[in-house]
Number of protein chains: 2
Amino acid sequence: MTEALRQFLSGGAAARGGGPLYLRLRRSIESAVEAGVLGPGDALPSERDLADLADVSRVTVRKAVRDLVAHGLLKRRQGSGTFVALPVERVEQSLSVLTSFTEDMARRGLAVRSEFFDRGLYEPTSEETMTLGLSAGEKVARIGRLRMANGNPLAIERASLSGRMLPHPEELDGSLYEALDKVGARPVRAIQRISAALLDDSDAARLGVSSGAPSLVIERISYLASGKVVEFTRSRYRADAYDFVAELRLAESHL
Amino acid sequence: MTEALRQFLSGGAAARGGGPLYLRLRRSIESAVEAGVLGPGDALPSERDLADLADVSRVTVRKAVRDLVAHGLLKRRQGSGTFVALPVERVEQSLSVLTSFTEDMARRGLAVRSEFFDRGLYEPTSEETMTLGLSAGEKVARIGRLRMANGNPLAIERASLSGRMLPHPEELDGSLYEALDKVGARPVRAIQRISAALLDDSDAARLGVSSGAPSLVIERISYLASGKVVEFTRSRYRADAYDFVAELRLAESHL
DNA sequence: CAGTGGTCTAGACCACCTT
DNA sequence: AGGTGGTCTAGACCACTGT
């Protein structure tokens, strides 16, 4: 195996076109994975061995590997090694009709679990006061949870609500909307904003991906029938595991 | 100015909690920007000077700065310096009704321009053959363009169509849908899939962002009234400049 | 030409996982 | 205990940008 790799590294890294060494090495490793010389889950040689094989310094190896880890091709485990990433089964979520996370996953035969890392009443930020239309002195209820499907962390959700809607957030256990339903504050409409950003270190750790991995950023504002804002949620979905799907009618559009 | 910075670096970097040096330095620079000691567009001291100020090696400075550049807080210009990034005005696009890129931007008073980097007929990939339902021997028309608003690159679009629909792609100049309209192949419906991923080096260069910056990945399949697939487009939108917005009706959902 | 970021090296020590 | 990735250093040269 190391012999086949040598073709891609020592021969490959030097020969493969021009450019900086770390880029040539990066392409060499990519080629080795694409060619199947390294399969999913396989361990790469240690960074020190790679440095020897490719005849570059370890710093250069780390630069090449870092890029490939960021793009999701490789995974590093401290003290253990560097491995070709396992293919991730991606999960889809519809954007036209908002179905529940739990229902969505159940329909796909996935076991869902939530892990709360934050449930409590807090002094609101100015953003929360404005978005939720809080009155002076009113507290804000915050719910932070890690969403998992089949044991894999998929998303981080941080919801903010008026403390009046949810006076005991620490008792929340299952569905937030169910709890809202009980106090007659079930939203009927939501506006969702989708963007992308790199995960910060703590969110990356929670989601079990490398620091600096990309994520889908979802901000949702939910409204009551009266038009009043009930809930403001900011979520982070693992970009390597999640797709949002929308169906569009092309009315008078000229693209 | 360097005097105020020193508070955040020499004093700051060493004092600011524990953890690796590059993380402390990163936090110090973040703090300096948040505190307004460094405003948008301001130049940071050179990496060598930062290394002296914070009393770390240049490698460590570069590691801290790289992270901040990836997150969009700083921008590096080779031969020139490192600067606090200018705030980017974000652009929204609706997902419920697909309006045209050009119209959308015009409504916001933005001048739109497209730059083609690829227009031609090619041998289809197997993905194109399957998605577009091409018959044997049929060529595929590919349109690759860089979308810009007010001179700023916003997105890269790569569209694939049957060569029969668009036999002379190199003549395409304006709207693709307009061209399709002329041959009676105007789509009436589309499915759009939204995810996120890091930009590769060449796309990052086209979009004028740093290599490894995050992007929104949009895949769209457009259908004729007959149900036949007309077009398959894969786009990359700058994550620091683009939001997709969807309105949702919460039918029977339990979140 | 001087100054900046970009690449690269050889070697060191630490933190962590495995056995 | 031995091997792995994580951090860090001091110094070098290159490529690019400005004057």
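Residue numbers start from 1 in every chain, and the chains themselves are labelled A, B, ... in the order their sequence lines are given, proteins ahead of strands. Computation of the quantities below employed the complete heavy-atom set of this structure, encompassing side-chain atoms and omitting hydrogens, waters and symmetry-equivalent molecules.
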State, with a plain yes or no, whether a side-chain heavy atom of [X] is found less than 4.5 Å away from one of [Y].
X        : Y        : answer
B:Leu161 : B:Val140 : no
B:Ile29  : B:Leu44  : yes
A:Leu95  : B:Ile194 : yes

On the side chain of A:Arg66, is there an atom forming a donor-acceptor pair with the base of D:dG6 - under 3.5 Å, no angle test?
no

Just call it for A:Arg48: base, sugar-phosphate, or nothing, with non-hydrogen atoms closer than 4.0 Å on any strand.
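Counting heavy atoms under 4.0 Å across all strands, the contact made by A:Arg48 includes a base.
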
Contact class for A:Val56 (heavy atom, under 4.0 Å): base, sugar-phosphate, or nothing?
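It contacts sugar-phosphate atoms only.
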
Roughly how many Å is it from [atom1] in [X] to [atom2] in [N], rounded to a whole number?
X        : N      : atom1 : atom2 : value
A:Tyr22  : C:dT7  : OH    : P     : 4 Å
B:Asp201 : C:dG6  : CG    : P     : 13 Å
B:Leu25  : D:dC8  : CG    : C1'   : 13 Å
A:Phe83  : C:dT18 : CZ    : P     : 9 Å
B:Leu23  : D:dG6  : CG    : C1'   : 11 Å
B:Gln78  : C:dG5  : CD    : P     : 10 Å
A:Asp49  : D:dG3  : CG    : P     : 10 Å
A:Glu47  : C:dG11 : CD    : P     : 17 Å

Let's see if you can work this out: which of C:dG5, D:dA10, C:dT7 has an atom nearest to the side-chain heavy atoms of A:Pro20?
C:dT7

Using the side-chain heavy atoms of B:Leu21, tell me which of these nucleotides is nearest: C:dA12, D:dC8, D:dA12.
D:dC8

Any side-chain N or O of [X] under 4.0 Å from OP1/OP2 of [N]?
X       : N      : result
A:Arg77 : C:dC16 : no
B:Lys63 : D:dT7  : yes
B:Thr60 : D:dT9  : yes
B:Ser57 : D:dC8  : no
B:Arg76 : C:dT4  : no
B:Thr82 : C:dG5  : yes

Do you see a donor-acceptor pair shorter than 3.5 Å between the side chains of A:Glu231 and A:Thr233?
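Looking only at side-chain atoms, A:Thr233 and A:Glu231 do form a donor-acceptor pair, the distance falling under 3.5 Å.
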
Answer with yes or no whether the side chains of B:Ser160 and B:Glu128 bring together a donor and an acceptor at under 3.5 Å.
yes

